[in-house]
J.: 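The structure is given below, and queries will be raised subsequently.
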Amino acid sequence: MASIVCVFLHSFSVPLKDKKLLEVKLGELPSWILMRDFTPKGIAGAFQRGYYRYYNKYINVKKGSIAGLSMVLAAYMLFNYCRSYKELKHERLRKYH
Amino acid sequence: MNENLFTPFTIPMMLGIPITTLIIMFPTMLFPTPNQLINNRMITIQQWLTKLTSKQLMNTHNPKGQTWSLMFISLFLFITSTNLLGMLPHSFTPTAQLSMNLGMAIPLWAGTVVMGFRNKTKISLAHLLPLGTPTFLIPMLVMIETISLFIQPLALAVRLTANITASHLLLHLIGSATLALVNISLFTALITFTILTLLTILEFAVALIQAYVFTLLVSLYLQDNT
């Protein structure tokens with residue numbers, strides 16, 4: 001009886017490597033980040049997972065709308081803005097340049 | 001102001017590393033592969049457009065020329081998507097770089113010429129002389145036709161580059177002129193309208209792609225069909 005309860009309690013604790021981000025406690029965050037797969041294959045896998053997550057949520061649905069595509073384009077625009085901010089900040093509206 | 005004009009055309013760098021390749025690969029994300037018979041709306045629309053353009057593009061070719069259809073469709077899609085993405089503010093257009101357009105034009109043109117020379121040598125050499133020229137003009141005309149043949153890839157590349165670069169520059173100039181004129185006079189309404197019309201006309205960057213592929217198509221057409 002006690003052994004069954006022991007096993008039951010142990011199955012509550014998932015190993016740190018397999019936890020999702022929202023289930024990781026704040027103190028464990030650095031070790032969680034370091035345990036992620038940073039090989040090229042791992043990074044490619046992460047990008048693929050992210051792509052398919054977005055695709056299946058917004059585009060690969062029965063009645064997809066223009067919002068799925070325009071969110072991607074808006075993010076692309078924002079990325080380019082951040083990339084060229086250094087040159088853009090000289091074009092602010094001021095009296096003397 | 002003088003330096004700002006051409007900064008949209010510099011190689012995009014992020015932390016000192018050029019990310020041009022990533023930006024060139026970005027349009028691939030916008031064309032998903034169809035998996036089923038009936039797909040989601042985005043893929044259906046893209047399939048419909050692709051079928052429309054491929055039929056329009058390839059129906060003047062014989063079966064031998066139609067083996068090039070995959071090449072032409074991917075070229076068309078690439079240039080269209082890259083040019084249209086360049087219409088977004090602050091984005092970088094790879095096709096505004098002469099190096100890239102030369103890299104697209106020269107191999108394709110050379111492929112068509114070599115194919116014509118290998119398969120139908122006499123006919124492709126005969127193209128160098130238009131029909132019905134006076135005999136004493138023949139040497140000069142052959143030279144002129146050879147020069148015009150070799151100018152074709154250069155014309156293809158420079159046409160695309162110059163169009164995209166010039167239109168982007170024009171939009172920048174007119175936009176900054178509008179902003180500068182807001183405090184001075186209300187002709188800005190007129191100028192903003194000019195920007196609007198220019199933008200609409202610029203959406204015919206797609207028409208430019210038509211020009212590109214059609215010119216390519218014309219040269220292949222000539223080689224294969226006589």
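In what follows, every heavy atom counts, from backbone to side chain, and hydrogens, waters and symmetry copies are set aside. Here the structure is a predicted model, which means the values were calculated and not measured. Here is how names work: the chains are called A, B, and so on, in the same order as the sequence lines, proteins then strands, and each is numbered from 1.
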J.: Chain A: which of B/Met14, B/Met29, B/Arg41 shares the most heavy-atom pairs with it under 4.5 Å?
T.: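 Answer, by heavy-atom pair count under 4.5 Å with chain A: B/Arg41.
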J.: With a strict 4.5 Å heavy-atom criterion, list every residue of residues 45-52 of chain A that contacts chain B, or say none.
T.: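 The stretch touches chain B at A/Tyr51.
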J.: Between B/Thr7 and A/Glu87, which heavy-atom pair has the shortest distance, and what is it?
T.: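 Reported closest heavy-atom pair: CG2-CG, 4.0 Å.
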J.: Measure distances from A/Ile66 to the heavy atoms of chain B and classify the residue's part below 4.5 Å as side chain, backbone, both or neither.
T.: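 When you check distances to chain B, no heavy atom of A/Ile66 falls under 4.5 Å.
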J.: Answer yes or no: is there a side-chain heavy-atom contact under 4.5 Å between A/Asn60 and B/Met42?
T.: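 No; the side chains remain at least 4.5 Å from each other.
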J.: For B/Met13, which atoms come within 4.5 Å of any heavy atom of chain A: side chain, backbone, both, or neither?
T.: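 Contact with chain A involves the backbone of B/Met13 alone.
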J.: Can you tell which part of B/Ile38 gets under 4.5 Å to a heavy atom of chain A, answering side chain, backbone, both or neither?
T.: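 Answer is neither: B/Ile38 stays 4.5 Å or more from chain A.
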J.: Please determine whether the number of non-hydrogen atoms from other residues, nucleotides or ligands lying under 6.0 Å from atom CZ of B/Phe150 exceeds 12.
T.: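 No, not enclosed.
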J.: Checking B/Asn40 against A/Tyr58: is there a side-chain donor and acceptor pair closer than 3.5 Å?
T.: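 There is no such pair between these side chains.
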J.: Write down the atom of B/His90, the atom of A/Arg83, and the distance for their closest heavy-atom approach.
T.: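 The answer is O-NH2, 3.5 Å.
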J.: Do the side chains of B/Ser91 and A/Met77 get nearer than 4.5 Å, heavy atoms only?
T.: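 No; the side chains remain at least 4.5 Å from each other.
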J.: Please assess B/Leu30 against A/Tyr76 for the test side chain to side chain contact (heavy atoms under 4.5 Å, CB included), listing each intermediate value before the final yes or no.
T.: CA-CA 12 Å; B/Leu30 304 173; A/Tyr76 180 63; over 6 Å; no
J.: Could you measure the distance from the CG atom of B/Leu88 to the CG atom of A/Leu73? Nearest 0.5 Å is fine.
T.: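 So the gap between those two atoms works out to 5.5 Å.
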J.: Is chain A contacted by the side chain of B/Phe26, its backbone, both, or neither, given a heavy-atom distance below 4.5 Å?
T.: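 It is the side chain, since no backbone atom gets that close.
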